[in-house]
There are 2 protein chains.
Amino acid sequence: MLYRPFESQLNVQLAKHDLYRAQWSVLHYLATNGSATLVELAHYQRVEKPTVTRTVTRLEELNYLEHIPGKDRREKRVRLSPLGESLYKEVRLTVDQFEQEILKGISEKDQLAAIQIMKEIRSNLISKETVK
Amino acid sequence: MLYRPFESQLNVQLAKHDLYRAQWSVLHYLATNGSATLVELAHYQRVEKPTVTRTVTRLEELNYLEHIPGKDRREKRVRLSPLGESLYKEVRLTVDQFEQEILKGISEKDQLAAIQIMKEIRSNLISKETVK
DNA sequence: TATTATAGTTACCTTAGATAACAATTACCC
DNA sequence: GGGTAATTGTTATCTAAGGTAACTATAATA
């Protein structure tokens, strides 16, 4: 069950906007959380820091991000630029439509149940992480 | 919900066996289906042919696969070698354990419901594919 | 028989993950 | 307060994994 996600299908949708999954993941985090440091993004994506550095650098080159001052001089805090925000909204439509299509025929009740289970799995993952 | 799978966590488990996700995916398909051509694997993974060529080549280098005659002289049909089979069983244990951990605290009933929904999503994806 | 379709490969590009080693800054401890 | 720890981020380097374009070889078909 778990080792066969449908990422490649999502990639097809994102490709329409010249976006990649890790990039989309960052945009999504910033759209829902306002701003983030690179370490914050690394935790979110469960990925090492250099990976985030690269993805963020690319998004900066595309002018989708802008800097805001952090509490440190070490940390680098970013948020969506106006261009990034408008892109996000646009891609959001595509992704929403994609999700609707693949959930077609599944009752609202079942959908909510599935989402709930995903949340529990995620919290299991996090507690597993913190133990380590 | 959909754009945040837990692949990176699975990768950690696979890394214990020096395996990567795409490689594992091929091993899993062959373990459950006996044999396959490259086109068959490409459809299964929803990926282009050159991608499969590379993954299969790597698995061949590692002696996890062996050839069997196909109905054509074009097609290349592969299955697990004895080494591949024993590796699969070994990794299977790790993956099963991982799944148990992340499903901890979720009732059997809910788990089955989630798996059912995944199946429906997958069949939606396939019918979407065939339309195209 | 000539054309078209299918299976696979090669070459090349990009994204995305990992480690190792490092600089800069901050936190902490005696 | 000064020296050591820890934190944040970057650079360099490696591999996996995706894509497209162009190609060969074989099979199917018109």
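So that the names make sense, note that chain A is the first sequence line, chain B the second, and so on, each numbered from 1.
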If you take all heavy atoms of B:Asp110 and A:Ile117, which pair is closest and at what distance?
-> O-CD1, 3.0 Å
Round to the nearest Å and state the distance from A:Gln9 atom CD to D:dG18 atom P.
-> 12 Å
Would you say B:Gln23 reaches D:dA17's phosphate, i.e. side-chain N/O to OP1/OP2 under 4.0 Å?
-> yes
Minimal heavy-atom distance between B:Leu38 and B:Val52, with the atoms involved, is O-CG1, 3.8 Å
How close do B:Asn124 and A:Lys104 get, heavy atom to heavy atom, and via which atoms?
-> ND2-O, 2.9 Å
B:Gln45 and B:Ser25 have their tightest heavy-atom pair at NE2-OG, 3.3 Å
Return the 5'-most residue of the pair B:Glu75, A:Arg73 with respect to DNA chain C, ranking by each residue's nearest nucleotide.
-> B:Glu75
With a 4.0 Å cut-off on heavy atoms, is A:Glu48 in touch with a base, just the backbone sugar-phosphate, or nothing at all?
-> base
Any strand is fair game: report the nucleotide pairing with C:dT26 by Watson-Crick or G-U wobble, both distances under 3.5 Å, or none.
-> none
Write down the protein N/O and nucleotide N/O pairs, taken from nucleotides 10-14 of chain D, whose separation is under 3.5 Å; answer none if there are no such pairs.
residue, atom, partner, partner atom, Å
D:dT10, OP1, A:Lys76, NZ, 2.9
D:dT10, OP2, A:Thr53, OG1, 2.9

Roughly how many Å is it from NZ in A:Lys71 to C1' in D:dG9, rounded to a whole number?
-> 13 Å
When the distance from CG of B:Asp72 to C1' of D:dA25 is rounded to whole Å, what number comes out?
-> 11 Å
Interatomic distance, B:Tyr20 OH vs D:dT15 C1' [rounded to whole Å] = 6 Å
A:Glu40 CD - D:dT7 P separation (whole Å) | 16 Å
Which nucleotide span of DNA chain C, 5' end to 3' end, has atoms closer than 4.0 Å to non-hydrogen atoms of chain A?
-> C:dT15 to C:dT26
Taking B:Ser35 as the fixed residue, which of B:Glu66, B:Arg77, B:His67 is the one that meets the side-chain hydrogen bond (donor to acceptor under 3.5 Å, both in side chains) rule?
-> B:Arg77
Using the purine O4'-C1'-N9-C4 or pyrimidine O4'-C1'-N1-C2 torsion, is D:dA17 syn (within 90° of 0) or anti?
-> anti
Whole-Å distance separating the NZ atom of A:Lys16 from the P atom of D:dG19 = 15 Å
Over how many whole Å does the gap from B:Leu59 atom CG to D:dA16 atom P extend?
-> 10 Å
Give a yes or no on this: more than 12 heavy atoms of other residues, nucleotides or ligands lie within 6.0 Å of atom CD of A:Glu108.
-> no
When rounded to the nearest 0.5 angstrom, what distance separates CD in B:Glu60 from OG1 in B:Thr55?
-> 11.0 Å
Polar side chain donor-acceptor pair, B:Tyr64 to B:Glu85, under 3.5 angstrom = no
Taking a pair to mean Watson-Crick or G-U wobble geometry with both distances below 3.5 Å, C:dC13 pairs with D:dG18
When rounded to whole Å, the NE2 to P distance for the pair A:His67 and D:dT8 reads 17 Å
Hey, could you give me the CG/CG distance between A:Leu80 and A:Leu59, rounded to the nearest 0.5 Å?
-> 9.0 Å
